[in-house]
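Proteins get letters first, then strands, A, B, ... in listed order; numbering begins at 1 in each.
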Amino acid sequence: MTSIRQPTRGGGLARGLADFREFMIIALILAIAAAMSLASPVFLTPENLSVVLLAVSTQAIVAVGMTVLLVSGGFDLSVGSTVGLAGAVTAMGLAGGLPVAAAVLAGLALGAAIGAANGLIVARIGINPFITTLGMMGIVRGALEVISRGKNISGLPKAFNEIGQGYLADIQHPIAQHPIVISLVLVALGDILLRQTRFFRQNYYIGGNEKAARLTGINVDRITIFNYALTGLLAAVAGIIMTARLGSATVTAGAGLELQVISAVIIGGASLQGGEGTVLGSFLGCILMALIVTSLNLLGVDIYWQRLIIGATLLAAVMIDTLGKRRHRR
Amino acid sequence: MTSIRQPTRGGGLARGLADFREFMIIALILAIAAAMSLASPVFLTPENLSVVLLAVSTQAIVAVGMTVLLVSGGFDLSVGSTVGLAGAVTAMGLAGGLPVAAAVLAGLALGAAIGAANGLIVARIGINPFITTLGMMGIVRGALEVISRGKNISGLPKAFNEIGQGYLADIQHPIAQHPIVISLVLVALGDILLRQTRFFRQNYYIGGNEKAARLTGINVDRITIFNYALTGLLAAVAGIIMTARLGSATVTAGAGLELQVISAVIIGGASLQGGEGTVLGSFLGCILMALIVTSLNLLGVDIYWQRLIIGATLLAAVMIDTLGKRRHRR
Amino acid sequence: MHLPSDPVVEARGVTKTFPGVRALDAVNFSLRRGEVHALVGENGAGKTTLIHVLGGVLRPDAGEILVEGRPVRFRHPADAARCGIGLVFQELSLAGNLSVAENIFAHRQPVRAAGLIDWPALHARTRELLARFDLDVDPRTPVRRLPAARQQVVEILKALSRGPRVLVLDEPTSSLTAPDAQHLFAGIARMKAAGASVIYISHHLPEIFRVADRVTVLRDGRVVGTCAAAEATEQSLVRSMVGRDLANIYGERQSEVGPEVLRVREACGERFSGVSFSLRRGEILGVAGLVGAGRTELARALLGAPPMTAGTVALDGRPVRIRSPADGIAAGLAYLTEDRKQDGLFLDMTVRANCVAPSLADFAGRLGWMDERRIDRFAEDSRRRLRIATPGIAQRVRNLSGGNQQKVLLAMWMGARPKVLIVDEPTRGVDVGARSEIYGLLRQLAAAGAAILMISSDLPEILGLSDRILVMRQGRLAGEFLRGQATAETIIARALPPDGGG
Amino acid sequence: DRPQPAGPPGAKRDASSQLYIEVSALGSLDYFYDHKLGMELAGKALGVRTEYTGPSDYDMAAMITVFEQAIARKPDGIVVVGFEPSLGAIIDKAAEAGIPVVTVDADLPGSRRIAFVGTGNHRAGLEGGRKLAELLGGKGKVALMTKPGQSNLEERIRGYQDALRQHPGIEVVQVADTQSDPTVAAQAAAALLQKYPDLAGIACVEAAGGNGAAMAVREAGKAGKVRIVAMDRGNDVLESIREGVISATVVQQTALMPFYAVQILYNLNNADIPITTNNAAAGITGAPAAIDTGVVIVDRSNYGHFVRSR
Ligand SMILES: Nc1ncnc2c1ncn2[C@@H]1O[C@H](COP(=O)(O)OP(=O)(O)OP(=O)(O)O)[C@@H](O)[C@H]1O
Ligand SMILES: Nc1ncnc2c1ncn2[C@@H]1O[C@H](COP(=O)(O)OP(=O)(O)OP(=O)(O)O)[C@@H](O)[C@H]1O
Ligand SMILES: [Mg+2]
Ligand SMILES: [Mg+2]
């Protein structure tokens, strides 16, 4: 029996195998954590763990949308640029005197609009997601350069910066920092929705066979547009939190984020063919990648080696899984 | 009638439509050229044309391999890194006293080996090309950082630099510069081979229906490995020419090249689903993109606008084609 | 020493297991020179697996293959091809983007001196091959533009073009037109005369008696027996396949036909025009016609995929506009596709997930929460009722045999409970036993109040099941018969174009 | 409320247990070799442990993560390249945790860093502009090349513009995009050479621009006729200076930046200089507020000393 990364129920064994990938990543994460806590006394401190969670917060939020997209057979390279532009537009709104809520809403609306534009082009004109969002990535980053003219925007109101720097209910514990709490809530929500609700489950069908999904009455175009808009919206959420955390919007914010997120989502069990993946898996993928970067830094590994090690990990994680699945298939 | 981008023969109308994309790009190129020659008197000089050809030479060489890959349903994100590493290894060989031929051979062998590794992982382990080559992109760039320790390598022998700076048969005409001549020869050769030979045409079959190709007796795995190795080899060729042209190898050489090449190849009519594309189309795609960059510079367009315009062009080119095809289908 | 009467190809003790399934269990099979050997059995009996082993697609877990008495070990379909074994697959194995010529000659195109492809020669040779089936198709046409029946011919020509000594045909007629089937039979006869051998798989028993010299029956991966075709009867074959006798597989209508549900007026689309008809509750309306008559196009247009270009549709007397399948389904229509792989099934999803695909909403509770237990129950139920051969409902549909996949497709739509169910070639590739189940289910649905539009190229099925029969010809309605009025001859007479050509 | 030295004067732990970390980005670029070198030499000179960390891309989010981690390790001081204002918050967080921070190379005056060591990007541009004006004899058309959106480069461009504005005979005709890629830079430079046949000079504010411009000028057969001022001291740039294609390059004494930054932090921790009776209470750090490491213009006359063997 093969492992299928769709949320399934029933049949103890079937379910166990379905979660093979998630188990594998958890095992990997625990192994790294165990090794690291021996190697470095600071590793298991709440401060250090919060560093990891803080580091993945932006990625994890974007990964929720990206997972839904990949499950439905979509793909989005423009998220990194959207993170940057939404943050900058919010910051400009604030600099221009808008109240915090209005500026944040403007940023969110912009993100959703960029996503919806992607979705419209993919669904209605029928252009491949890769090329659509590659073009959009350039357009959005370009728009950011045009409106900011290369300059960073800082000096944002404290009330806004609180979004990224404050603590949940003012509990001054590192894990209660807003970005961590928000990302964990969105991940949990995303996981449950995608796993358990009819609306989101349609994505597995679309990703499985788009034509067949159409004939079963699924409104593929509308869901596609929704998915891209959701991803854009979540990218904007991430961008706004990042801006608040940094207290300023930079022109390069989010650059390269798209590949990090896509890598993490794929490590987490989604596939580019669509039809597979869970939000929890994607989140674990984010954690795994962040943990490796963090560990390399804690161990003081020469920075020249880091890129190599990260690339190798990505390949190794996917390879172990593929080979593992193969064994199961025999 | 749909436009199908494979080299077909005979049937006036059918053939015309089959090459629709190539015609469209040529028309776009001519339109830009016409507009530019009005806007800028220097545009149509051989010097300026050679600037465009020189600018695309690296991309065009890599695009030959990428076209074959995309036709067969493959994909390679690691070419940019391979360009960098192959150039650096060649330069290090030269700096270490190797004769030019030996150093170049080492660089080429390395490129082919990286490609073959991609091919093996894709074909034998069965990991998705996107994730395989994304991992490889990190590994190869990381290896470059490790071996060069971040330092550029220069002071290369003149005999080597001639590869990138010399002229064909010493004809001191701008178009006779080595990078231009080599890239044009490779493009012409690649186009004929992919169009007209049995061996390369198997790629259309594989890209069209991989399972069917296997059942037909096509050795899909071997061809896949060959294609990746070829792409790696051509990336190494490009990297060596680039190094010779610059007279030095840098750690960032080739970064971002993968997306430029893939964009150009897709504009040129290949599709990520495989089974479509021609080397000529890809070359025209490269020319179109380079023409736009050159035109933006000649027109003195604000640099903050350039990224936006390039992204929009990419999308527009693909959209026009898609909409055009749709009309034809009616 | 290999004597002419010795088997050309022989399987000895071949065993092949998949996770949870023993597809072949110590199978012995031999093919003699110049014979046509039929292979029959229920869906999932192991027929396709056996020929895949013989053709080098699969490697057996145990046992050996002998060609002309010598043991061989195929590691690749190309190895089998080199031994003169040519396969025509149950699932189309063409590259839709390539031309007919390049599909047939794949990587064996004629080349000129410089190693470049000789296009004129390629096209000329393709035309020669096409002529064998009286086909006037441009060799440069991309295969994806051909209807499935024509693609099947290309598939057969691809195998024939290599001049195989052993031709293996896996359900070749399941999507072949009657005239093309005749061409195929003629081709088989020619091959036989030339001393070549044929393995022939089919669920259409009359065909078996027409072409085969010997018949081997498989059941649950084991050989039940081999006998001369002349000594077998349809009944004896069915008994050894299914293990019981089947009476009237079409059954009888269980209730009265009710009021009109669907009325279509002057419907036009790309391949049909001016089609008007009506459909009533509890009725099964058969639609007959030759391939390309526009039946599939009409059915898809009703569902809005793509919508019709002119004409009106009324459901329960109210006019409806259907612009997409979502509209159509919301209005109470459902369409079971003729091409299960393309747009029917979710191959990489489980049987369970497939079963509920069209009726997700029925399994969602408040807030759109999915009720997993009910899904399990429904899927298990479908599996039992349709006798889907699978180790469990968590199996990927891709791993099912062709006929069992078709049953999953049926299970999907049986659960959807639409007002109007359109089924397009519902029993393609389904064994006789399962076919009678399916007919029973269609009857039950009709009795429960559904109106059923059944497109089929299987005339006995049309005649046995329909309350009323429409005949389409070249995109137009060419006749209507009430149950009992029609015979195979009258239907074919209406379906053939006036000039009598194919 | 400046951060206070961790312990009373003279009571510090022995040097070898002290840790100083530099946090940067773009670490794989040739330029940052000097940063690593400076940290290493400071460590040797003072007998303390030093580390260089940071992402190899220009990724501020990743840099902040590395910074957070550095804080979690409670080092005795952090050296940071103040690329962008977005680093301000994290510097303040370190200060709050009692870890003194010194900015190097680029400053963040609004933050709670105790000192800045470097020349500043604006100064680098300014000096480069002066050199170019001198090379051109105060007249001619000039193009600038940069990669948009990166703060340090934007600063340098502004420096160039400010310097060249002083020379009415010089006209900045265009700013071109290099995308940090020598071949793209070459393409842009080549277009500029076509468009302005009388172009007199090209100034580049990052390494790729210099290489690209040199390549374009060489390929256009205009070596020496068009004056190029490059940035940084990569061997490739020096090679082009030897060849005469690049006229000069703007070099900072980069290795000094982290070196002196660590010195400042070390002194702060180990030698509380009694400027007042109680420095802390008086609100004095006892450290210099800024050290200017200066700009060196490298040209044919002195390039040979800058060439590094591998
Ligand atoms: N790749 C596979 N993985 C798992 N099980 C498989 C696979 N291929 C076939 N099977 C199983 O092997 C058994 C035999 O399948 P096979 O395709 O040979 O049947 P068949 O006799 O050709 O049936 P049909 O008439 O429906 O085509 C079936 O139970 C099928 O589910
Ligand atoms: N002559 C043709 N040329 C190209 N495509 C065709 C032709 N005839 C049919 N097709 C395509 O083949 C498919 C089936 O055709 P159609 O609906 O006309 O046939 P049908 O009456 O349903 O016949 P059947 O279902 O028996 O094959 C459609 O997708 C149609 O576009
Ligand atoms: Mg079968
Ligand atoms: Mg049909």
*Tell me, side chain or backbone of D:Q194 under 4.5 Å from chain B's heavy atoms, or both, or neither?*
both
*Would you confirm whether B:R307, through its side chain, and D:Q179, through its main-chain N or O, come within 3.5 Å as a donor-acceptor pair?*
no
*asked:* Using a 4.5 Å heavy-atom cutoff, which residues in residues 240-253 of chain D come close to chain B?
replied: none
*In a check of side chain to side chain contact (heavy atoms under 4.5 Å, CB included) between B:I303 and each of D:T146, D:L144, D:I157, which one passes?*
D:T146
*Side chain, backbone, both or neither: which part of B:A290 has a non-hydrogen atom closer than 4.5 Å to chain D?*
both
*Considering only heavy atoms, which portion of D:A188 lies under 4.5 Å from any heavy atom of chain B: side chain, backbone, both, or neither?*
both
*Check whether D:E239 gets within reach of chain B through its side chain, its backbone, both or neither, counting any heavy atom under 4.5 Å.*
side chain
*With respect to D:Q187, which candidate in B:N297, B:L54, B:T294 satisfies the side chain to side chain contact (heavy atoms under 4.5 Å, CB included) definition?*
B:T294
_Report which part of B:Q59 has an atom under 4.5 Å of a heavy atom belonging to chain D: side chain, backbone, both, or neither._
neither
*Please flag which part of D:D181 lies under 4.5 Å from any non-hydrogen atom of chain B: side chain, backbone, both or neither.*
side chain
*B:L257 versus chain D, heavy atoms under 4.5 Å apart: side chain, backbone, both or neither?*
neither
_Non-hydrogen contacts under 4.5 angstrom with chain B: give the residues of residues 49-59 of chain D involved, or none if there are none._
D:S56
